[in-house]
Structure formats: structure tokens, C-alpha cells
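Notes for the one structure printed next.
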2 protein chains.
Amino acid sequence: MKNRLKVLRAERDWTQADLAEAVDVSRQTINAIEKDKFDPSLPLAFKFARLFNLPIEEMFFDEDDR
Amino acid sequence: MKNRLKVLRAERDWTQADLAEAVDVSRQTINAIEKDKFDPSLPLAFKFARLFNLPIEEMFFDEDDR
DNA sequence: CCTATAAGTAAAGTAAGCTTTACCTATAGT
DNA sequence: ACTATAGGTAAAGCTTACTTTACTTATAGG
């Protein structure tokens, strides 16, 4: 599972810590997701979607889908 | 997190076992998700989305969103 | 050179997702 | 009444998501 978090963050000039606070997880969790260490839970994916006002499918990409 | 799996299944006349097989999880997992015992992982949500050809946000609903 | 800030990473622990086995209940058909 | 099929549920165990603490590296500004 790939994602666009780093870019979306950059567009807003947010740090990993800023984003972590915004969706209420630890900074390490954001780092791990950006580095593809693991996938976010579905509830967390919804939080990102709401925060960035984007559909989940436009921020997270299932490898199998292509 | 609520979901429309039961309805989507009914529309296709599929059993929980059928759906489980289609997305490659156990029947108990489908049952638990339908009964809101837990949320699916994001990868599993993507599988449902692909299977039913629907955006994730049209099958799963974040309670906080309203 | 020193300091501050951002990012990367690792270890240990808890919590949530998911599996397997197994049993129980409900409904429908014979 | 018996059988088959679908759904509900529970326990034990494994894997993955996430936390906390803590150390490291990179960059930029004084």
C-alpha cells in the first residue's frame, strides 16, 4: 500500500508531528505509514481523508489494483 | 464504523461464506465486520471496494463524520 | 561550532484484526 | 422428525497497528 501523505503534508508545509497531532496518533505512526512500514487502520484512513478532504482511494493505493 | 456489506451481499444473493471466499478471509471475519465487532483493515476495505466496484466511503461510514 | 527542529529508526509493550476449531440457533425442504 | 444450509458466537493463538521512550542523523541559523 502506497500513499501520498508526504506530498499532501508538503503542500501544507506540515511536519510529521503536525499531521500526527491532527489525526491523533504518534509521530512515529505517521513516519511508519509514510515509509510503508505498515498500513493505517480504516478509521485512521478516514481521518486522513477528512483532514485532506480527499477520497481514501486518492491518498492510498492498493498495489493489487494495477 | 458502520457498513453496507449485508445489503450488498443481499443484492447479489451471496452468503457470508461466499463473500469471505471472494475477499479471502474467514467467514467469521465477515460476520464480525457485519456485526460491527471490528473494522476491516484498509487492505481488506480495498478488496471489498474492488469487488463491489464502489468507493470505500460508500460502503463504510465513519461515525465521527456526522 | 553550537543549537534547534525535522525526520528516521529500534525495542518493548498493548490493542486490534484475523484464523482455526467448534458449537449453537434458526429456517426451509423432505 | 430429520437433514442441510446460513448465520451467530466464543476461545486461543498469531499478526499487524499503534504507543512510549529513547537514541541517531540531517539540515539550517545563530
Side-chain angles (χ1 to χ4, degrees):
Chain A
M1 197 84 121
K2 297 278 185 179
N3 67 80
R4 302 211 320 127
L5 289 185
K6 188 172 181 172
V7 173
L8 292 167
R9 229 174 15 87
E11 287 173 355
R12 289 154 182 82
D13 201 24
W14 288 351
T15 66
Q16 290 182 346
D18 291 334
L19 179 53
E21 194 186 358
V23 296
D24 198 35
V25 294
S26 69
R27 180 181 66 83
Q28 287 78 349
T29 291
I30 298 298
N31 188 278
I33 293 170
E34 286 193 1
K35 295 299 233 176
D36 292 324
K37 296 287 171 58
F38 54 70
D39 301 320
S41 66
L42 186 55
L44 182 50
F46 266 88
K47 283 191 178 184
F48 287 128
R50 235 183 315 156
L51 180 63
F52 292 118
N53 201 32
L54 282 175
I56 290 175
E57 282 91 343
E58 284 183 30
M59 347 185 19
F60 296 99
F61 307 100
D62 198 2
E63 315 277 86
D64 302 356
D65 270 4
R66 232 138 282 113
Chain B
M1 197 86 120
K2 296 277 185 180
N3 67 78
R4 302 211 320 125
L5 289 185
K6 187 172 181 171
V7 173
L8 292 167
R9 226 169 25 81
E11 288 173 353
R12 288 155 183 81
D13 202 23
W14 289 351
T15 65
Q16 292 183 343
D18 291 334
L19 178 53
E21 194 186 359
V23 294
D24 199 34
V25 294
S26 69
R27 179 180 66 85
Q28 287 79 349
T29 291
I30 299 297
N31 188 276
I33 293 170
E34 287 192 0
K35 294 300 233 176
D36 292 323
K37 295 289 172 57
F38 55 69
D39 301 320
S41 67
L42 186 55
L44 182 50
F46 266 89
K47 283 190 180 184
F48 287 128
R50 236 183 314 155
L51 180 63
F52 291 118
N53 201 32
L54 281 175
I56 289 174
E57 283 91 344
E58 285 183 30
M59 343 183 24
F60 297 98
F61 308 100
D62 199 1
E63 314 278 86
D64 302 357
D65 269 6
R66 231 137 281 115

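Here is the naming used below: chain letters follow the sequence lines, and residue numbers restart at 1 for every chain. Computed from a predicted structure; not experimentally measured.
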Considering only heavy atoms from C-beta outward, does the side chain of [X] approach that of [Y] to under 4.5 Å?
X       : Y       : value
A:Glu57 : B:Glu57 : yes
A:Phe46 : B:Asp39 : no
A:Phe52 : A:Arg12 : yes
B:Leu19 : B:Leu8  : no
B:Leu44 : A:Leu42 : no
B:Asp36 : B:Met1  : no
B:Ile33 : B:Val25 : no
A:Leu51 : A:Lys47 : no

Exercise for the section: Any chance you could list the contact pattern along nucleotides 20-30 of chain D? Use B for base contacts, S for sugar-phosphate-only contacts and - for none, protein heavy atoms under 4.0 Å, 5' to 3'. Expected result: BBB--------

Completion exercise
CD of A:Glu11 to CZ of A:Arg4, rounded to nearest 0.5 Å, is 6.0 Å

Practice task
Check whether any side-chain nitrogen or oxygen of B:Asn31 sits under 4.0 Å from OP1 or OP2 of D:dG8, and answer yes or no.
Solution key: yes

Practice task
Mind listing the residues from residues 33-45 of chain A sitting with a heavy atom below 4.0 Å of DNA chain D? Number order is fine.
Solution key: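 By residue number: A:Phe38, A:Asp39, A:Pro40, A:Ser41, A:Leu44.
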
Practice task
Give, ordered by number, those residues of residues 3-24 of chain B having at least one heavy-atom distance below 4.0 Å to an atom of DNA chain D; if nothing qualifies, reply none.
Solution key: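 Correct list: B:Arg9, B:Thr15, B:Gln16.
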
Practice task
Please list all pairs passing the ring pair (Phe, Tyr, Trp, His ring centres under 6.0 Å) test where one or both residues lie in residues 23-43 of chain B, with sequence neighbours left out.
Solution key: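 Non-adjacent pairs meeting ring pair (Phe, Tyr, Trp, His ring centres under 6.0 Å): zero.
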
Exercise for the section: At the 4.0 Å heavy-atom cut-off to chain B, mark where contacts on DNA chain C begin and end, going 5' to 3'. Expected result: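 Endpoints of the contacted stretch of DNA chain C: C:dG17 to C:dA22.
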
Exercise for the section: Check side-chain hydrogen bond (donor to acceptor under 3.5 Å, both in side chains) between A:Ser41 and all other residues, then give those that pass, not counting sequence neighbours. Expected result: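 Checked A:Ser41 against side-chain hydrogen bond (donor to acceptor under 3.5 Å, both in side chains); zero matches.
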
Practice task
Could you walk me through whether A:Phe60 and A:Leu54 pass the side chain to side chain contact (heavy atoms under 4.5 Å, CB included) test, one step at a time?
Solution key: CA-CA 10 Å; A:Phe60 296 99; A:Leu54 282 175; over 6 Å; no

